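Presented below is the structure to which this report refers.
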Amino acid sequence: MQSFENTPDERTKYLLQELVKHLHSYVHTVRLTEAEWNTAIGFLTRVGNITTPHRQEFVLLSDVLGVSMHTVAVNNEVHRNATEATVFGPFFVNGAPLIENGGDMSGGAPGEPAWVEGTIRGVDGEPVPGARIEVWEADAEGFYDVQHEGGRVYGRAHLFADEKSEFRFWGLLPTPYAIAHDGRVGDLLKATERSPYRPAHLHFMVTAPGYRTLVTHVFVRGDEHLDKPTKDAVFGVKDSLIYDWSRHSADEPTPDGRDLQGKPWASLHFDVVLAPGQAVDYAALME
């Protein structure tokens, strides 16, 4: 700890000294063997080797250890009636296509069409027109677009709240899926007999000047994984984020008159409430 005493930046010094303190305490408490430490180094090396711009295995490791969710908790204290935050996840990608309100973010991916609408407001009910909304999700087969080769973009977009602070778009009814478990994080889950599954959800990130950036999910009430003790491989479920998604027959007209060619569809109303604060560029932090 003394070796970091001359660090010019006080916050950096504090972070490093506390890291050393807790790491050395862990080694002492568990009486870590050299073989175990070498195994850990090899594991982290392989986590790094599999990480690419489209697959962040370190984020996944942080997620399954609960560190991501703990960091969310200490940085997003509940503020009155503001929508609760949850994990960012490893599949956000900068540069998602822009769609107009009422547009389709599914990009032709397989799944049941879903109409999503809502409002963006502050905790005092004030409208937030022009708020930027990023949305992304997996397809019905449980895969995000970046998990496929070829560079096809689907299941992600950004749009802006209109002058009434309202938004609306077509996506897919979320389905549960297993996190990527063909790598080192998957080995960890197998060794500990933990499930790799996440309950069905749709990702949101909402930003607006004067408000804290919100990263959250909307889960689907009734998902079988929500009834299990662990619920979620990355600990991201919060009761306030579990919503009813209405199901509609193919004969029921859609809100915008869209012809779904005989397909059933779903709908969700999700009102976002932003807490006051400073916007955080999460996309830049992930680079």
Side-chain angles (χ1 to χ4, degrees), residues 51-57 59-60 63 68 72 83 85-118 120 130-162 166-180 198-208 213-220 232-234 236 241 243 245 256 258 260 265-268 270 272 279-287:
T51 296
T52 71
H54 299 300
R55 175 170 179 164
Q56 238 301 353
E57 193 80 356
V59 171
L60 201 59
D63 289 349
S68 298
V72 168
T83 303
T86 190
V87 290
F88 196 72
F91 294 117
F92 174 82
V93 175
N94 270 321
L98 170 68
I99 60 172
E100 299 298 323
N101 264 298
D104 191 343
M105 58 87 81
S106 66
E112 181 176 332
W115 174 259
V116 181
E117 63 182 7
I120 312 290
R132 180 182 174 117
I133 305 159
E134 296 268 358
V135 286
W136 66 103
E137 65 178 329
D139 60 26
E141 297 172 353
F143 295 103
Y144 290 82
D145 53 2
V146 294
Q147 293 179 280
H148 297 290
E149 296 181 356
R152 179 187 166 200
V153 177
Y154 69 79
R156 67 178 71 246
H158 76 276
L159 65 157
F160 295 89
D162 64 19
E166 297 175 348
F167 67 90
R168 65 204 70 86
F169 61 88
W170 282 100
L172 300 173
L173 176 66
T175 54
Y177 65 86
I179 61 174
R198 299 210 64 202
H201 61 277
L202 170 64
H203 293 262
F204 272 80
M205 180 166 68
V206 184
T207 55
T213 299
L214 173 68
V215 174
T216 195
H217 300 355
V218 188
F219 294 93
V220 180
D232 185 358
V234 305
L241 302 178
Y243 275 71
W245 293 64
D256 62 347
R258 182 182 182 186
L260 296 177
W265 56 285
S267 63
L268 167 72
F270 176 49
V272 175
V280 177
D281 190 349
Y282 281 90
L285 292 176
M286 299 300 293
E287 291 180 350

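Bear in mind that the values here come from a model prediction, so they are computed numbers and not experimental data.
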- Message: Please check: side-chain N/O of S106 versus main-chain N/O of A109, any donor-acceptor pairing under 3.5 Å?
- Response: no
So, do W136 and F92 have ring centers that fall under 6.0 Å from each other? yes
Tightest non-hydrogen contact, residues Q147 and A180, listed as NE2-CB, 4.3 Å
Do the charged groups of D104 and R258 touch, with an N to O distance under 4.0 Å? yes
CG of L173 to CH2 of W265, rounded to nearest 0.5 Å, is 12.0 Å
If you define the side chain from C-beta out and look only at heavy atoms, does anything of L202 sit under 4.5 Å from Y243? no
dist F143:CZ -> T175:OG1 (nearest 0.5 Å) comes out at 10.5 Å
Just by modelled atom types, is the P110 backbone N or O under 3.5 Å from a matching donor or acceptor in the E141 side chain? no
When every non-hydrogen atom of A138 is compared with those of L172, the smallest separation belongs to O-CD1, 4.3 Å
Item to check | Test item: D145 and R152 side chains (from C-beta on) under 4.5 Å apart, heavy atoms | outcome: no
Margin query: Under the criterion side-chain contact (heavy atoms from CB on, under 4.5 Å), I'd like the reasoning laid out for R55 against V146: C-alpha separation, chi angles, the key distance, then a yes or no.
Written below: CA-CA 8 Å; R55 175 170 179 164; V146 294; over 6 Å; no
Expected output: side-chain N101 to main-chain A161 donor-acceptor under 3.5 Å
no
In short, V87 meets V215 closest at the heavy-atom pair O-CG1, 3.9 Å
Taken in chain and number order and not counting sequence neighbours, the residues that satisfy ring-ring contact (aromatic ring centres under 6.0 Å, His included) with W115 are W170
In this structure, OH of Y154 is separated from OH of Y144 (nearest 0.5 Å) by 10.5 Å
Closest heavy-atom pair, P176 versus A200, reported as atoms and distance to 0.1 Å, is N-CB, 3.6 Å
Do the non-hydrogen side-chain atoms of V116 and F204 ever get within less than 4.5 Å of each other? yes
CD (Q56) and CZ (F88) are apart, to the nearest 0.5 Å, by 11.0 Å
Mark yes or no for whether T86, through its side chain, and G236, through its backbone, hold a donor-acceptor pair below 3.5 Å. yes
Heavy atoms of E112 and A266 approach each other most closely as OE2-N, 3.7 Å
Sorted by chain and number, sequence neighbours left out, side-chain hydrogen bond (donor to acceptor under 3.5 Å, both in side chains) with R198 holds for H201, H217, D232
Nearest heavy-atom approach of G130 to F160 is O-CD2, 3.5 Å
Value for NE2 (H203) from OG1 (T216), rounded to nearest 0.5 Å, stands at 10.0 Å
d(E134 CD, R156 CZ) to nearest 0.5 Å is 9.0 Å
Less than 4.5 Å apart, side chain to side chain, heavy atoms only: is that true for P90 and D63?
yes
side-chain hydrogen bond (donor to acceptor under 3.5 Å, both in side chains) filter on S267, not counting sequence neighbours, yields H248
